[in-house]
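Report on the structure given below.
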Amino acid sequence: MIRRSLRRSKRDTGGVGVLCMSLDNVRLSQPAKDQLIRLKRITGIKNWNTLCRWALALSLQDPSPPLVRDINTDSNVEMTWKTFAGPYGDIYLALLKHQCLADGQEPTEENLSYILTVHVHRGIGHLAGRRDLKSAADLISIAAT
């Protein structure tokens, strides 16, 4: 059974709400889905979760806070945490907890879900906006810089 615990959160976002899922499931907005479709075509990477992992890592690498806007996770792209994180679940969870603490937040499930949602979406946007991204090899080059 899929657990859907949606929460509207307005923490430190200037009153803008972000629709968050629990960490059990990772859902994306329709614009993020559209960007991922393009990224899949460009890079040849076939799985949503692989691109979402790259997006999360890219966003967490950026020290500036994400510009949060309403993120409505309304697309049909949904994956379990296990699918998203794969065998690296403990590492991704540690990164999310570290980011929560760096942001002055307690690493509760709600805060972790919030961090995951905004950073995956920001990372997807960054990847989709890169004109120099033409292959999976380019992802490695981006990560090295």
Side-chain angles (χ1 to χ4, degrees), residues 1-86 88-89 91-93 95-100 102-105 107-145:
M1 182 169 149
I2 295 175
R3 184 175 141 205
R4 294 178 185 226
S5 56
L6 294 174
R7 295 181 280 276
R8 181 156 300 273
S9 174
K10 293 189 179 188
R11 79 176 82 33
D12 299 329
T13 61
V16 176
V18 177
L19 204 54
C20 294
M21 295 287 293
S22 75
L23 274 181
D24 294 341
N25 293 294
V26 179
R27 289 194 58 173
L28 300 175
S29 67
Q30 188 61 43
K33 176 187 175 185
D34 296 340
Q35 291 170 323
L36 282 176
I37 289 169
R38 183 179 159 275
L39 288 168
K40 285 172 69 173
R41 186 178 64 248
I42 290 170
T43 63
I45 294 173
K46 295 180 178 19
N47 297 319
W48 305 109
N49 62 323
T50 303
L51 286 167
C52 287
R53 290 176 194 168
W54 278 97
L56 176 63
L58 179 66
S59 181
L60 289 174
Q61 180 182 346
D62 183 345
S64 66
L67 297 174
V68 179
R69 63 199 186 317
D70 276 336
I71 299 175
N72 186 3
T73 54
D74 57 347
S75 78
N76 63 352
V77 177
E78 179 175 1
M79 62 195 96
T80 65
W81 171 257
K82 185 174 179 167
T83 299
F84 169 80
Y88 310 106
I91 294 169
Y92 289 114
L93 188 57
L95 289 169
L96 293 172
K97 286 180 179 181
H98 175 77
Q99 188 64 48
C100 272
D103 292 346
Q105 302 289 328
T108 63
E109 185 173 344
E110 182 179 0
N111 289 340
L112 293 170
S113 177
Y114 169 80
I115 294 291
L116 176 64
T117 301
V118 297
H119 280 280
V120 166
H121 280 83
R122 175 171 77 167
I124 291 169
H126 282 311
L127 287 173
R130 301 225 27 162
R131 301 284 181 229
D132 59 341
L133 184 59
K134 307 232 185 281
S135 68
D138 292 336
L139 282 173
I140 295 167
S141 297
I142 291 168
T145 59

Which residues pass the side-chain contact (heavy atoms from CB on, under 4.5 Å) test with K97, sequence neighbours left out? L93, P107, L112
Across all chains, not counting sequence neighbours, the side-chain contact (heavy atoms from CB on, under 4.5 Å) partners of I45 are T43, T50, L51, A136, L139
Do the side chains of [Y] and [X] get nearer than 4.5 Å, heavy atoms only?
X    : Y    : value
D62  : H126 : yes
T80  : D24  : no
T73  : E78  : no
L56  : L96  : yes
L133 : L39  : yes

Applying side-chain hydrogen bond (donor to acceptor under 3.5 Å, both in side chains), name anything that partners [X], two or more places apart in sequence or on another chain.
X    : value
D74  : none
H119 : S59
S75  : none
Q35  : none

Criterion side chain to side chain contact (heavy atoms under 4.5 Å, CB included) against L28, the qualifying member of T117, I71, L36: L36
Which atom names give the shortest non-hydrogen contact between [X] and [Y], and what distance separates them?
X    : Y   : answer
I124 : C52 : CD1-SG, 4.3 Å
R122 : S64 : NH1-O, 2.8 Å
G89  : A85 : CA-CB, 3.4 Å

How many angstroms lie between atom [atom1] of [X] and atom [atom2] of [Y], to the nearest 0.5 angstrom?
X    : Y    : atom1 : atom2 : answer
L116 : R27  : CG    : CZ    : 13.5 Å
Q99  : N111 : CD    : CG    : 11.5 Å
L23  : E110 : CG    : CD    : 11.0 Å

For residues 40-84, pull every pair meeting ring pair (Phe, Tyr, Trp, His ring centres under 6.0 Å), keeping only residues two or more places apart or in separate chains. W81-F84, F84-Y92
For residues 126-142, the salt bridge (Lys or Arg N to Asp or Glu O under 4.0 Å) pairs (sequence neighbours left out) are R130-D132
Scan for salt bridge (Lys or Arg N to Asp or Glu O under 4.0 Å) pairs involving residues 34-57, sequence neighbours excluded, and state none if there are none. none
Check this for me: L67, atom CG, are more than 12 non-hydrogen atoms of other residues, nucleotides or ligands nearer than 6.0 Å? no
